[in-house]
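Numbering of residues begins at 1 and proceeds along the displayed sequence. Indexing begins at 1, ligand by ligand and atom by atom, following the structure's order.
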Amino acid sequence: MKTISLGLIGFGTIGSGVVKLLQDSGALIEKRLGARLVLKKIADLDIKTPRVVSVKKNVLTTDAQAVLNDPDIGIVIELMGGYEPARSFILRAMKNGKHVVTANKALLATHGDEIFRAAEKAGVNIGFEASVGGTIPVIKTLKESLVANRIKSIFGILNGTSNYIMTKMTDEGKPFDEVLKEAQALGFAEADPTFDIEGVDAAHKLAITLSLAYGKRVKFDDLYREGISEISQQDIEFARELGYRIKLLAIAIRHDNNVEARLHPTMIPHDHLLASVGSNFNAFHITGDASDSVFLYGQGAGMMPTASAVMSDVVDISREMLKGVSGLVPARSLREAIIEDIKLMPFDEIETNYYFRFSAVDQPGVLSKISGILGKNNISIASVIQKGRKQGGGAVPVVMTTHRAKERDVRCALGEIDQLDIVQAKTVLIRIEDHTF
Ligand code: HSE
């Protein structure tokens with residue numbers, strides 16, 4: 001039986017998962033592949049701390065070059081994360097003719113162009129199923145299963161930590177800070193939790209997803225992004241009253257001439273499938289012009305679920321190696337030479353429904369002043385909630401939802417409303433997606 005040698009760089013949680021999967025399911029994978037996968041070397045700066053798996057001492061090294069320069073190793077699995085030296089290691093592996101598998105979404109979202117081109121130039125594969133949605137086969141779905149489709153839209157819950165926080169805040173009424181601490185203790189959160197709660201991690205995944213869905217080059221910094229750190233219990237309660245749940249949603253919608261792409265807390269109908277995606281789960285609702293709706297759901301992180309995605313790339317690449325071919329499925333769905341820059345819709349131009357929570361003084365004429373400014377800016381009100389009068393005056397929440405309005409008009413109106421004497425705090429704005437579902 002043929003043998004394919006693997007090298008692993010990064011022996012952390014996911015790296016240990018890959019080793020465990022090879023140990024637990026090596027025989028099954030061997031049957032399915034018709035070849036033996038041998039993990040020849042594992043490089044990590046720390047090779048002393050015990051892991052959940054044990055490996056032979058001579059497999060471990062602190063020198064990544066020992067993996068990159070080993071002529072036997074055909075596939076390098078990069079699971080160290082971060083930008084450097086991960087980027088240099090991947091490029092070196094490719095120059096040395098090795099295929100690469102990585103889960104490094106931050107690197108691919110920001111340096112993907114360089115890496116994908118380098119792979120094509122070197123005639124090697126780059127597998128990155130684990131970089132988006134953990135175990136969920138979304139990369140394969142977009143590149144292979146839906147290859148004959150124009151992707152009309154993608155709505156995704158792409159960050160488990162934020163979803164966990166929003167779920168606990170909604171279902172248990174717990175405050176944001178307490179739930180964040182729980183998520184950190186459970187190990188979902190990134191080393192820097194701002195990446196999770198400010199939407200950076202989910203936006204990295206959106207950038208990668210967009211480039212595959214549309215076969216385009218995406219500049220990460222061009223994507224509009226907002227996190228969940230400003231979401232209050234009060235807005236969650238009003239959302240419930242209006243029949244919505246708030247989710248940190250990644251949105252991509254194809255228009256005739258451009259693509260609308262954004263990531264922000266979003267109110268979605270409480271009975272939509274995405275609203276039922278709780279805890280730290282991820283999900284994608286993809287609509288193709290031929291396929292219609294496709295829904296993918298699963299663990300977006302974690303040792304074994306992510307290792308499962310890594311191994312799926314390893315096996316795909318190994319199958320090509322056994323046939324003596326490479327690059328059967330281009331990294332970004334198209335040959336690199338014909339990939340163009342994505343044309344994103346300017347954020348000001350997007351149109352959706354909105355939720356506003358004004359902190360207004362409770363006195364006659366307030367609603368007419370606010371609605372006058374909204375009307376002047378082409379914003380039509382769909383519903384209004386105003387409750388309770390504060391003892392001794394002070395601000396009360398006035399909630400309005402709108403019909404479809406343009407982002408530019410909304411910003412213009414809120415800029416004016418927030419200057420009014422009767423408005424005592426910055427207005428809260430949460431976008432609503434229900435017309436698209
Ligand atoms: N920290 C990420 C999340 C998992 O919470 O979804 C890795 O992408």
Worksheet entry | Minimal non-hydrogen separation, Leu248 against Ser162, with atom names | CD2-OG, 3.5 Å
Practice prompt. Would you mind checking which non-hydrogen protein atom is closest to atom 5 (O) of ligand 1, with the distance to 0.1 Å?
Written response: Thr161 OG1, 2.6 Å
Fill in: Protein contact to atom 1 (N) of ligand 1 [nearest heavy atom, distance to 0.1 Å]
Glu190 OE2, 2.6 Å
Discussion item. As a check for students: among Gly160, Ala301, Gly81, identify the option with a heavy atom nearest to atom 6 (O) of ligand 1.
Written reply: Gly160
Fill in: Asp313 bridged to Lys140 by N-O distance under 4.0 Å
no
Discussion item. Please determine whether a side-chain nitrogen of the Lys or Arg among Asp171 and Arg245 lies less than 4.0 Å from a carboxylate oxygen of the Asp or Glu.
Written reply: yes
Fill in: Sub-4.5 Å side-chain heavy-atom contact between Phe176 and Met166
no
Worksheet item: Given the rule in the ring-ring contact (aromatic ring centres under 6.0 Å, His included) test, do Phe116 and Phe128 qualify, once you have shown the distances and angles that lead to the verdict?
Response: CA-CA 11 Å; Phe116 294 132; Phe128 50 103; 5.1 Å; yes
Quick one: which ligand 1 atoms are inside 4.0 Å of a heavy atom on [X]?
{"X": "Asp196", "value": "1 (N), 2 (C), 3 (C), 5 (O)"}
{"X": "Lys105", "value": "7 (C), 8 (O)"}
{"X": "Asn159", "value": "2 (C), 3 (C), 5 (O), 6 (O)"}

Item to complete: Identify which one of Glu226, Glu260, Glu351 satisfies the salt bridge (Lys or Arg N to Asp or Glu O under 4.0 Å) criterion when paired with Arg431.
Response: Glu226
Item to complete: Report yes if Asn282 has an N/O atom closer than 3.5 Å to an N/O atom of ligand 1; otherwise report no.
Response: no
